[in-house]
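What you see is a predicted model, and the numbers here were worked out from it, not measured in a lab.
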Amino acid sequence: MKLKKSGMAVAASLILLFTAACGSSGQKPTNASATPAPAPAAADNKAGADNKPAGGKKITLGFSQVGAESGWRTANTKSIQDSAKEAGIDLKFSDAQQKQENQIKAIRTFIQQKVDVIAFSPVVESGWDTVLKEAKDAKIPVILTDRAVDSKDTSLYRTFIGSDFVEEGRRAGKWLVDQYKDAKETVNIVQLEGTTGSAPANDRKSGFEEVIKSNPNLKVIASQTGDFTRAKGKEVMQAFLKANKNIQVLYAHNDDMALGAIQAIEAAGLVPGKDIKIISIDGVKDGFVAASEGKINFIVECNPLLGPQLMQAVRDVIDGKQLAQRIVTKEGVFTSEEAKKELPNRQY
């Protein structure tokens, strides 16, 4: 999406640089627990005052982020914060620390603060109807970003901005099917799943497995969550290697888990990218470095720079415009050689 006036040039350049995305096909958040989320705080915005609702005050956006579990998420947060500042939108930002109850608390705080729009990237897919109805009753529009919810009542939110996680899984599967189209023996695959119950984990798994079913020689022999983190990816891959002496392929739901798995593979005396082919999703800079070194064979890109699209949607909602229920962002795919060429352009 493009921003008006001063924001337009910045948004356009971001979209040109990163034509990929990380969304979901309309999925639901999962659960989280424990520690309370930090109180949402207003961003220090000094940008133009032309972004005002009918009452004449600056637009206020309450945004609840999943957390900071990966390089992708860090880039996503920065894009939202920078884009809000550029657009002159007053941003109240809350980090849920990967806990659903923290997001629910933040959304209720936004409602109490009477923000103009609420946006959030759900930790999990399910369990949002009650708080979303509270926002609807308060006449505060809600926008979903990156991840969707499984609510049957789509009137609880105005739009969902993000990529198609199922299609990301399919793209990973299509590359693998092509690589082993002439295989005569079983190809053993292990899968590092994202956070249990999250939209990207559910969808990237289903899309991948849907496609590889076309080749009976492709067999997923182990699949376990790595929580989208590098440390957990390493730990689970170590367990996979101990339990299975013959692994040909690793499919990781994000780059951070793949990078952790690479450490485990190397520690086991194997060569990542050769002894075990690796497919991952995201396209963060560290992932592109590993791919350019031949350690990751194929990356499905998921663009975190959703800030410009979100700010445009916020403004459109305030202006009373009708939004598409689903706004799909673009994403690319990269082999090792293509990643090597793209690496100098990676800014996240």
Taking [Y]'s backbone N and O only, do any of them form a donor-acceptor pair with [X]'s side chain (distance below 3.5 Å, no angle check)?
X	Y	result
N76	W72	no
S336	I296	yes
D90	K58	no
R346	G283	yes
N215	Y180	yes
Q103	V123	yes
T109	K105	yes
K184	D182	yes
Q248	N188	yes

Quick test of your reading of the model: are [X] and [Y] salt-bridged, counting only N-O distances below 4.0 Å?
X	Y	result
E338	K341	no
D153	K133	no
E235	K232	yes
K85	D82	no
E209	K213	no

Please report the shortest heavy-atom distance between [X] and [Y], naming the atom on each side.
X	Y	result
G67	D95	CA-OD1, 3.0 Å
A201	T195	CB-O, 3.3 Å
I118	I111	CD1-CG1, 3.8 Å
S206	V166	OG-CG2, 4.1 Å
S94	A106	OG-CB, 3.5 Å
A268	L241	CB-CD1, 4.0 Å

Using a 4.5 Å cut-off on heavy atoms from C-beta on, say whether the side chain of [Y] contacts that of [X].
X	Y	result
D255	D286	no
F228	P200	yes
I212	I189	yes
P304	R73	no
R171	E168	no
F110	T60	no
M257	S280	no
T229	D256	no

Within this structure, what is the [atom1]-[atom2] distance for the pair [X] and [Y], rounded to the nearest 0.5 Å?
X	Y	atom1	atom2	value
I143	Y157	CD1	OH	12.5 Å
I279	N297	CD1	CG	7.5 Å
L132	D137	CG	CG	11.0 Å
D116	L61	CG	CG	9.0 Å
I161	R326	CD1	CZ	10.0 Å
I80	S121	CD1	OG	7.5 Å

- Message: Is the ring pair F298/W175 parallel, tilted or perpendicular, if the boundaries are 30 and 60 degrees?
- Response: parallel

- Working for side chain to side chain contact (heavy atoms under 4.5 Å, CB included), residues T186 and I221: CA-CA 10 Å; T186 298; I221 60 171; 5.9 Å; no

- Task: Begin with the C-alpha distance, continue with both residues' side-chain angles, and end with the deciding distance and a verdict on side chain to side chain contact (heavy atoms under 4.5 Å, CB included) for V66 and Q98.
- Result: CA-CA 5 Å; V66 171; Q98 293 188 283; 3.9 Å; yes

- Does the side chain to side chain contact (heavy atoms under 4.5 Å, CB included) test come out yes or no for V117 and I318, once each step is laid out? CA-CA 8 Å; V117 181; I318 293 299; 3.8 Å; yes

- Task: Apply side-chain hydrogen bond (donor to acceptor under 3.5 Å, both in side chains) to K136 and S155, showing your working.
- Result: CA-CA 9 Å; K136 184 178 180 180; S155 73; 2.7 Å; yes

- With F120, the ring pair (Phe, Tyr, Trp, His ring centres under 6.0 Å) member among F63, W128, F93: W128

- Indicate whether any N or O donor in one side chain lies under 3.5 Å from an N or O acceptor in the other, for H253 and Q191.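 Their side chains do contain a donor-acceptor pair, which is all the 3.5 Å distance test asks for.
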
- Message: For a side chain to side chain contact (heavy atoms under 4.5 Å, CB included) check, start with the C-alpha distance between I276 and M237, then their side-chain angles and the critical distance, and finish with the verdict.
- Response: CA-CA 12 Å; I276 298 178; M237 191 65 200; 4.1 Å; yes

